[in-house]
Amino acid sequence: MKTSLSAESGFDSAAGATQKYTRVAVLLHWLIALLILANIALGLSAALLPDGTFSDTGIRFVIDTHKSIGITVLGLAILRVLWRLTHRPPPLPAEFPGWERAAAHAAHIALYVLIFAMPLSGWLHDSAWVAAASHPMYLFGLVPWPRIGFIMNLDPATKEQLHSQFGALHTACSYALYGVLVLHVAGALKHQWIDRHSVLRRMMP
Ligand code: HEM
């Protein structure tokens, strides 16, 4: 584990230079952000648009793509945590007040938790679907992806009940995600435009 800033980990420690995240961290950050936004749009379209908006094949395509993107996010999130465990992110500028550091830190922890909670609660929800056995899941229509076995093997009545409970959990996590995303983006924009001390640059290629 690296414990100091180094050129190898991608941080420029020259006096006055902006300390940046490594290229891998930047790539993972924007890829995960993009896929999460796409999945929010697909999830909301499936959940909120009136019946009949999509044809039967259309709605299946939307939901199946949503599931595939969600599982991809889970894989990328694991890579992101591995990066985080082996690298130290560039420190926040020294002039930031304590409350802003604490808020940024809390938002980052909440984001890590939610980036896992979203796909895991979705996977649980999908595994409890009574029709799961007759609708096998394929990532992007290509790669077979398993459901969670012990949930699939429960009796239909229990699955029905769990399906709505995990669905409610998935929705609750999405509300928490909207809140934390708004705080996270608002913080970055405040530093960019009000404080005139960009932290966004650190996360740019
Ligand atoms: C990045 C990860 C994910 C995000 C951000 C996400 C987001 C969402 C959102 C915003 C909704 C609408 C919730 C509502 O307002 O009620 C939703 C619904 C749903 N999600 Fe996810 N989700 C993710 C991963 C997954 C995964 C991995 C699965 C399954 C393997 C999944 C399965 C579902 C299902 C079945 C629905 C309900 C769609 C419907 O109403 O028919 N999600 N998701």
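Sequence positions, counted from 1, serve as the residue numbers for this chain.
- Hydrophobic cluster membership is shared by V81 and I78, with clusters built from Ile, Leu, Val, Met, Phe, Trp and Tyr side chains linked at under 4.5 angstrom.
- Sorted by first then second residue, the salt bridge (Lys or Arg N to Asp or Glu O under 4.0 Å) pairs that include residues 32-50, not counting sequence neighbours, number zero.
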Quiz prompt | Intermediate values then yes/no, side chain to side chain contact (heavy atoms under 4.5 Å, CB included), I40 and S174 | solution = CA-CA 8 Å; I40 288 175; S174 70; over 6 Å; no

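- For residues 157-176, no pair satisfies salt bridge (Lys or Arg N to Asp or Glu O under 4.0 Å), with sequence neighbours left out.
- Within the model, atoms CG of L74 and CD1 of I115 stand 11.0 Å from one another, a figure rounded to the nearest 0.5 Å.
- Using modelled atom types, one finds a donor on one side chain and an acceptor on the other under 3.5 Å when comparing T22 with W83.
- In this structure, M118 is a member of the same hydrophobic cluster as L48, with clusters built from ILVMFWY side-chain heavy atoms closer than 4.5 Å.
- Under the 4.5 Å side-chain heavy-atom criterion for Ile, Leu, Val, Met, Phe, Trp and Tyr, V26 and L82 are members of the same hydrophobic cluster.
- Side-chain contact between L44 and L49: absent, with no pair of heavy atoms (C-beta onward) separated by less than 4.5 Å.
- Counting heavy atoms from C-beta on, the side chains of H191 and L200 never come closer than 4.5 Å.
- One finds the CG atom of L183 at 15.5 Å from the OH atom of Y178 (value rounded to the nearest 0.5 Å).
- Applying the 6.0 Å contact sphere to CG of D155 captures more than 12 heavy atoms from other residues, nucleotides or ligands.
- Using a distance-only test at 3.5 Å, with no hydrogens or angles considered, a donor-acceptor pair links the side chain of T171 to the main chain of G167.
- Sequence neighbours left out, not one pair with a member in residues 25-73 passes ring pair (Phe, Tyr, Trp, His ring centres under 6.0 Å).
- In this structure, Q19 and P91 have side chains that are in contact, with non-hydrogen atoms separated by less than 4.5 Å.
- Atom CG in L76 sits 5.0 Å away from atom CG in L31 (nearest 0.5 Å).
- Nearest heavy-atom pair, I148 versus S127, reported as atom, atom and distance to 0.1 Å: N-OG, 2.9 Å.
- Within the structure, every pair that satisfies the salt bridge (Lys or Arg N to Asp or Glu O under 4.0 Å) test and touches residues 100-127, not counting sequence neighbours, is listed here: K67-D126, E100-K190, D126-R147.
- Residue H108 qualifies as enclosed at atom NE2: its count of foreign heavy atoms under 6.0 Å is above 12.
- Atom-to-atom distance recorded for I151:CD1 and H163:NE2 is 11.0 Å, nearest 0.5 angstrom.
- Two residues are said to be in side-chain contact when any heavy atoms from C-beta on lie closer than 4.5 Å; W123 and W145 meet this criterion.
- Taking each heavy atom of I59 and D56 in turn, the nearest pair found is CG2-O, 3.3 Å.
- In this structure the side chain of M137 never reaches within 4.5 angstrom of the side chain of D64, judged on heavy atoms.
- I69 and A38 get closest at one heavy-atom pair: CD1-CB, 4.5 Å.
- L37 contributes atom CG, which lies 11.0 Å from atom CG of L42 (distance to the nearest 0.5 angstrom).
- Remark: R84 pairs with no residue by the salt bridge (Lys or Arg N to Asp or Glu O under 4.0 Å) rule, at least two apart or across chains.
- Not one N or O on the side chain of N39 forms a donor-acceptor pair closer than 3.5 Å with the backbone of L35.
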Quiz prompt | Check against side chain to side chain contact (heavy atoms under 4.5 Å, CB included), H105 and I109 | solution = CA-CA 6 Å; H105 192 57; I109 291 174; 3.8 Å; yes

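- Nearest heavy-atom pair across V73 and I32 is CG1-CG2, 4.5 Å.
- Connectivity analysis of hydrophobic side chains (ILVMFWY, heavy atoms under 4.5 Å, direct or indirect) links L92 to F96, V199.
- No continuous path of ILVMFWY side-chain contacts below 4.5 Å connects F150 to M152, so the two sit in separate hydrophobic clusters.
- Between F166 and S121, the closest side-chain pair of non-hydrogen atoms is not below 4.5 Å.
- Ring orientation note: the planes of H125 and H170 are close to parallel, at an angle under 30° on the 30°/60° scale.
- Residues A133 and P136 share a closest heavy-atom pair of O-CD, 4.1 Å.
- Interatomic distance, T72 OG1 to I36 CD1, rounded to the nearest 0.5 Å: 11.5 Å.
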Practice problem: For side chain to side chain contact (heavy atoms under 4.5 Å, CB included), just list the numbers for M204 and Y21, CA-CA rounded to whole Å, side-chain angles, deciding distance to a tenth of an Å, and then say yes or no. | Solution: CA-CA 8 Å; M204 286 300 175; Y21 281 86; over 6 Å; no

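- Here the closest heavy-atom approach between residue P119 and residue G70 is recorded as CB-O, 3.5 Å.
- By the 4.5 Å heavy-atom criterion applied to side chains, L162 and L124 are not counted as neighbours.
- Residues L139 and I63 share a hydrophobic cluster, clusters being chains of Ile/Leu/Val/Met/Phe/Trp/Tyr side chains in contact below 4.5 Å.
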